[in-house]
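Heads up: the structure comes next, in structure tokens.
The structure presented is a predicted model; accordingly, all values stated were derived computationally and were not measured. Just so you know, these numbers use all the heavy atoms, side chains as well, and skip hydrogens, waters and symmetry mates. Within every chain, numbering begins at 1; the chains are lettered A, B, ... in the order of the sequence lines, protein sequences first and strands thereafter.
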Amino acid sequence: MKFFRFLLLLPFLSFGCNGAEDDKQNIDSKPIEEVKYDETGVLFKSYKGLVMAGYQGWFSAEGDGAGRGWHHYQKGGKFEPGATSIDFWPDVSDYSKTYKTAFKYKTGETAPVYSPYDEESVDLHFKWMKEHGIDGVYMQRFVGEVKGESGKRHFNKVLANALKASKKYGRAISIMYDLSGSSSADMDFIVKDWEELQSTFKLFDNTENPQYLRHNGRPLLAIWGVGFNDGRKYTIADIQKLIEKVKGPTKKASILLGVPYYWRSLGKDTENSTLLHTVVKSVDVVMPWAVGRYNASTYTSVAGPNLPADIAWCKANNLDYAPLVFPGFSWGNLKNDKSLYNQIPRGKGDFLWQQIAGARLSGAEALYVAMFDEVDEGTAIFKCRREGELPENADGKFVGIEPELKTDHYLWLTGQGAKWFHGESGFSAKKPERPL
Amino acid sequence: MLFVLLTAVSCDNVLDKQPLDKLQGENLFSNPEGVKLYMANLYYQLPIEDFTFFRQGFNWNTGDPNNGGFAPAMITDEAVHTEFGDFIGNDDFQWWDQGYKLIRDTNILIDIIPTLDVTEDETKALVGESAFIRAYAYFALVKRYGGVPLITAVQKYEGDVEALKVPRSTEKETWDFVLKECDVAIANLADSWPGGERRATKWVAYALKSRAALHAASLAKYSERAPISGTAVDQKLVGIEKSAAADYYKAAIDASEAIINSGKFALYKPTPASPEEAAENYRKLFEDPNIAPTETIFIKGFARPGAGTGHNYGIWYQPNQTANGWPHPGRMNPTLDLIDAYESYTNPGQNAPIATTVAGNDVNDYNGFDPAKNYKRYDDPAGIYKDKDARLWATAILPGTPWKGQKIIIQAGFVKPDGNAQLFGGDPIKVGGTTIYPYGAADRTQYSGFDTWGGNNTRTGVSFKKFLNEGVNVAPGWNQTVSDWADFRYAEILLNYAEAIVESGTGTAAKGAQALNDIRRRAGHTKNIPLTIDNVIRERRVELAFENKRFWDLVRRREYHTLFNNRVRHALIPVLDLRVTPAKYIFIRQNIARLNPSTFDYKQYYRYIPGIGSNGLVQNPQY
Amino acid sequence: MKHLKTYLSALLIIFIAAACKIDNYPAPDARLYGTFLDVETNEPVEQDIIRGSTIEFIEHGYASQTKQVMIVKNDGTYRNNLIFANQYTITPVRGNFVPAEPQDVNVAGETKLDFKVQPYIRVKDAKIEKSGSKVIATFKIQQTVINNVRKIGLYAHPEPSVGEPMRTVLSETDINAATDPNKVYKLEIDIPSNSNNLKAGSQYFFRIGAIIDAPESKFNYAKAVRIAL
């Protein structure tokens with residue numbers, strides 16, 4: 001009782017987020033000097049205002065030199081009609097280097113694919129980005145894959161290709177660790193791998209890689225997969241330590257954290273642990289995973305109140321926020337379930353634009369597009385074959401871009417979104433019409 | 001375990017007792033009479049929403065059954081109470097401890113069945129009956145609470161209460177369990193019992209499945225009409241994905257079709273010659289459902305007067321004039337809202353709101369008497385109900401119609417020759433030497449409407465008739481009414497069938513339309529109407545009125561919060577118009593007097609779970 | 001009621017734990033109050049007293065984590081004069097604003113806690129006037145989220161706490177679309193055709209409301225206006 005009486009005497013009590021302030025003070029009080037980067041010539045000093053996609057780059061083709069067979073195209077060791085994990089088929093008519101597959105069009109002609117192991121293919125991708133005004137990509141780095149020798153070789157090659165191309169076309173680039181399949185024991189590996197990447201590729205060198213994305217005065221590293229309640233083998237506390245190590249005492253990097261959609265309310269897909277909020281408050285950008293959380297008809301009721309609430313939370317905690325948008329979703333072949341073809345239909349871009357507009361109108365300043373080249377789950381925005389022009393797939397099928405659209409329609413539409421986010425006028429909730 | 005836990009907290013020493021102290025296991029069950037006795041007790045506990053089902057619970061005919069006669073129908077748009085303005089409260093319609101007691105008692109039986117020395121047929125019947133009872137019990141739980149702990153074997157307390165705690169299953173798992181138990185019952189039960197006993201048969205189990213599957217399907221389809229949030233929602237303890245609707249509708253169609261195609265059931269007197277005949281047939285069907293063995297699939301008997309065996313409809317709901325000495329009759333007042341839903345034979349397939357004026361364009365005007373209006377005038381105080389569906393005449397006692405040899409007088413007042421209305425009381429007046437009484441008669445035993453004295457006179461303009469036995473004068477005391485309750489009627493199965501077909505867009509639409517129109521034909525309609533959801537729901541409202549279906553229909557279809565958003569229920573008051581000679585009756589549509597608007601909160605779609613402090617379960621949203 | 005409940009639940013826990021030892025507990029000794037404020041305009045956010053936004057609070061130190069609730073007055077203020085001094089987690093929920101965060105608050109003595117919220121809808125330039133035999137409302141709608149505006153309404157009641165849940169007369173229009181912030185909406189109530197509830201010579205309160213199409217959302221309002229008919 002005495003304690004409370006004492007409090008009563010205080011003339012004014014403030015009940016804000018004291019916890020967060022305390023945390024920051026603790027860190028600030030350390031006398032270690034923070035690293036200062038030379039930003040001369042740096043092309044992207046902030047994620048704000050940018051529209052960037054995720055880049056899987058995990059495909060490989062037999063004969064591409066990666067030695068990984070039909071990685072991520074195949075299923076059960078085979079890449080032939082009836083055995084594949086992709087739903088969308090890349091449109092490779094512009095690629096200088098392609099690979100013949102066992103798939104055939106109705107005409108009997110062989111259907112080829114590409115490999116990102118090839119420099120010229122990745123170059124083409126960045127050329128498209130520039131053509132359509134998409135700002136750049138987050139290069140996915142799958143911890144489970146790069147732990148192995150061939151995986152590491154593959155992803156390093158793809159990264160080398162991408163760094164070269166992004167520099168050439170002036171597109172932003174950043175690394176994103178995808179922690180799916182990792183365990184607590186992998187955290188040290190990630191730190192080591194990350195250090196190695198920095199030195200191998202001179203990532204933070206403003207003349208070598210002026211296109212590497214910076215945020216809050218430091219290079220941005222993305223870490224994806226924190227706080228999901230789907231039984232992962234690492235904890236939020238592991239990530240907290242990982243972030244501390246990645247930043248180091250001199251705060252070497254800014255961090256984008258990929259979190260579940262309901263990260264703020266700690267419900268549904270999110271682990272009910274307030275430690276997640278502590279970790280989120282220690283990073284620079286939050287990106288909640290929205291794929292599969294809504295479709296065109298549920299978007300407004302789900303994202304409508306959620307987006308502004310997320311943004312308000314981030315503002316209050318001095319964070320930046322990048323909502324995720326995706327064109328649609330299809331994983332019938334991956335899941336061997338025909339009912340999952342076109343599970344979330346694209347609606348000729350209506351769905352993608354609904355999200356772009358929703359994010360913009362709710363006050364978002366940057367976008368994450370899932371994904372540039374993801375054909376397994378059918379979220380790719382890059383050129384894919386259209387309905388009616390697809391290879392045959394035994395008793396299954398492939399899913400195509402709507403036949404009345406051009407194969408680069410989703411690149412174009414994403415580019416329109418980028419213009420809006422760059423501040424150009426003339427955009428609204430109404431989907432822009434592409435001139436013929 | 002929940003039962004055990006709850007009693008543990010309340011310091012009962014049940015844990016020290018032999019769990020079967022009254023029924024010594026094999027000894028009892030080896031004796032056929034013992035099995036019968038045990039089974040009778042299980043059936044007694046079955047949550048049947050009959051004459052003794054009230055907001056306080058089931059079997060409300062023991063101890064002190066005085067609840068003012070506030071029936072579940074009064075929480076819907078079917079009726080209001082003469083006095084009480086209550087709406088749904090948090091504590092209403094709870095059935096938790098009792099539910100888990102019945103489940104425990106059934107599990108005791110299920111565990112013991114394999115050890116019994118009985119014939120294979122008898123074993124099968126026991127397996128079927130116990131599955132039926134468990135399905136019935138879990139259905140009653142899931143429609144109240146959403147997902148609940150599924151206790152499928154007797155829990156034994158071995159010193160650790162925590163070990164007995166079973167978390168809630170998801171709502172979908174619970175519904176699936178109910179349907180699965182129905183399947184077990186269907187597979188094991190016979191067509192009938194040799195002595196015609198009122199026990200579950202294959203067909204009763206199909207009927208239960210038809211009802212339960214339709215309920216689950218509707219929830220899946222319509223839950224999004226009333227979104228709620230919270231831990232229970234996140235964990236899917238309440239709510240079903242929309243995508244589950246198709247399977248549940250199919251289950252409802254299949255179960256209903258099995259009954260329809262069995263050839264064992266039919267509507268009672270399906271082709272009456274006239275609406276009058278239809279009305280009398282329908283009335284008799286509820287006066288004594290035993291006269292219609294092809295229609296009544298499952299009957300609960302109220303065999304003799306007395307606590308636990310009789311009920312109280314006969315005293316609470318008689319019109320005031322036939323109270324037979326009971327001090328508080330007349331309490332069920334059917335609303336104009338329900339009356340409007342009955343079709344008119346002149347305009348099939350439409351709601352037929354009662355037009356009180358010649359213009360007929362003011363059915364939404366509830367502002368009371370307006371001298372400027374040109375009201376339709378009738379010699380007959382029930383004249384305005386002419387052409388209304390026969391079932392209205394058999395469900396409600398209309399003004400001026402006979403009941404138990406008396407003319408039931410329901411009158412709200414009069415319009416004086418000078419044009420001023422005198423409603424709801426006041427002094428009699430003399431017109432041309434005749435004394436005109438406000439309520440239609442001089443003495444308060446001679447009329448049945450609007451006088452607030454005793455809370456015994458209808459305030460909606462009609463009195464209640466369905467289920468009441470015209471030939472019996474019920475003694476003025478507790479539990480003296482002995483009419484039986486038809487828990488499953490063939491008509492409900494037909495309606496479930498039609499609804500599942502039209503809501504899912506699957507099945508044979510023509511058969512669904514026929515089911516709908518067969519019921520209407522039995523009610524004297526001769527013109528078929530198309531199978532639409534509006535037609536099915538209207539038909540359901542009138543055919544199943546007061547059978548305690550409406551409450552759950554509004555819940556499962558998530559229509560409650562829309563229909564009860566500041567809902568004012570309405571009356572149709574008969575008024576003697578003395579501006580003309582001879583005087584005639586006019587009718588005024590108006591808000592029911594002394595009744596506040598009612599609003600249904602989203603959270604009421606689920607009951608709260610009692611005792612979470614000790615059973616550790618996740619509570620339902622907003623409790 | 002709520003305070004009584006707190007008291008009882010505390011007692012109950014002791015009762016079970018200490019097996020029949022009845023304690024002499026202090027009465028609730030603190031007061032918690034505050035206002036819902038528009039994060040942009042800093043003006044109070046109008047509410048409904050029944051079926052309106054609610055404030056959930058959980059008292060720390062009890063394993064049960066029982067949620068208690070407070071209601072909010074129409075003017076956006078709330079007050080609880082019977083609360084135990086303690087640490088609480090307080091969350092405004094199911095409201096007419098973008099979902100807000102839980103806050104851990106130490107309640108002691110006279111404690112003020114305002115909630116800065118983003119109302120789903122701002123009713124702007126609201127005007128309600130009696131004109132001939134009608135009451136006419138004109139206003140603009142500014143929505144702050146991408147969801148559709150479900151409907152707009154003009155509500156009347158003899159009490160100042162008028163709103164959609166508490167009205168005797170209403171005039172509503174379904175919108176079910178995104179609204180143009182520059183459009184002037186007009187709603188009217190005809191007095192003679194509601195003579196049962198709107199009596200000449202009496203005073204009534206009129207209030208303009210609008211509701212967003214979001215899960216569990218509540219109405220947003222302009223201030224109620226008193227008009228003598």
Side-chain angles (χ1 to χ4, degrees), chain B residues 5 8-11 87 90 161 223-233 239 361-362 364-373 561-562 564-568 570 588-593 596-605 608 611-623, chain C residues 1 5 8-13 15-17 19-20 48 50-52 54-56 58 62-69 71 91 93-95 99 147 150-151 153 155-157 162-170 172 190-199 211 213-219:
Chain B
L5 195 63
V9 167
S10 62
C11 298
F87 193 53
N90 288 354
V161 168
S223 279
E224 67 182 17
R225 284 179 171 171
I228 42 176
S229 62
T231 314
V233 178
N361 60 352
D362 53 354
N364 292 318
D365 180 354
Y366 297 104
N367 287 307
F369 176 70
D370 179 351
K373 280 188 177 178
H561 68 283
T562 309
F564 279 80
N565 178 7
N566 249 293
R567 172 65 172 263
V568 177
H570 302 114
I588 302 167
R589 300 174 66 93
Q590 65 169 50
N591 297 344
I592 293 170
N596 287 324
S598 312
T599 293
F600 188 93
D601 276 342
Y602 285 12
K603 73 170 179 181
Q604 297 290 359
Y605 282 121
Y608 74 83
I612 52 159
S614 50
N615 61 27
L617 298 177
V618 175
Q619 186 54 282
N620 280 333
Q622 298 181 42
Y623 286 111
Chain C
M1 251 335 265
K5 226 189 217 162
L8 286 176
S9 69
L11 262 181
L12 197 67
I13 284 164
F15 190 77
I16 290 166
C20 305
D48 274 313
I50 54 169
R51 278 191 302 134
T54 27
I55 302 166
E56 280 182 357
I58 299 172
Y62 297 97
S64 65
Q65 294 276 294
T66 306
K67 278 178 188 161
Q68 306 177 66
V69 292
I71 56 168
T91 322
V93 291
R94 299 184 289 279
N147 304 47
R150 203 191 303 154
K151 65 179 173 186
Y155 304 98
H157 194 274
V162 57
E164 192 269 348
M166 188 169 168
R167 87 284 162 146
T168 49
V169 178
L170 60 80
E172 288 182 336
D190 183 53
I191 302 166
S193 60
N194 290 287
S195 57
N196 207 12
N197 293 308
L198 297 177
K199 300 197 163 60
I211 187 165
D213 192 358
E216 301 183 284
S217 63
K218 301 293 185 297
F219 272 79

- Full working for salt bridge (Lys or Arg N to Asp or Glu O under 4.0 Å) between C/Lys218 and C/Asp48: CA-CA 8 Å; C/Lys218 301 293 185 297; C/Asp48 274 313; over 6 Å; no
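Heavy atoms of C/Ser193 lying under 4.5 Å from chain B belong exclusively to its backbone. Proximity to chain C (any heavy atom under 4.5 Å) is restricted, for B/Thr599, to the side chain, taken from C-beta onward. Both the backbone and the side chain of B/Ile228 come within contact range of chain C, with heavy atoms under 4.5 Å apart.
Among residues two or more places apart in sequence or in another chain, the side chain to side chain contact (heavy atoms under 4.5 Å, CB included) test is passed with C/Asn196 by B/Asn367, B/Asn591. Applying the salt bridge (charged side-chain N to carboxylate O under 4.0 Å, His left out) rule to C/Glu56 yields the partners C/Lys67, C/Arg94; only residues at least two apart in sequence or on another chain are considered.
In this pair, B/His570 and B/Tyr366 present their aromatic rings parallel. The plane angle is below 30°, not in the 30 to 60° band.
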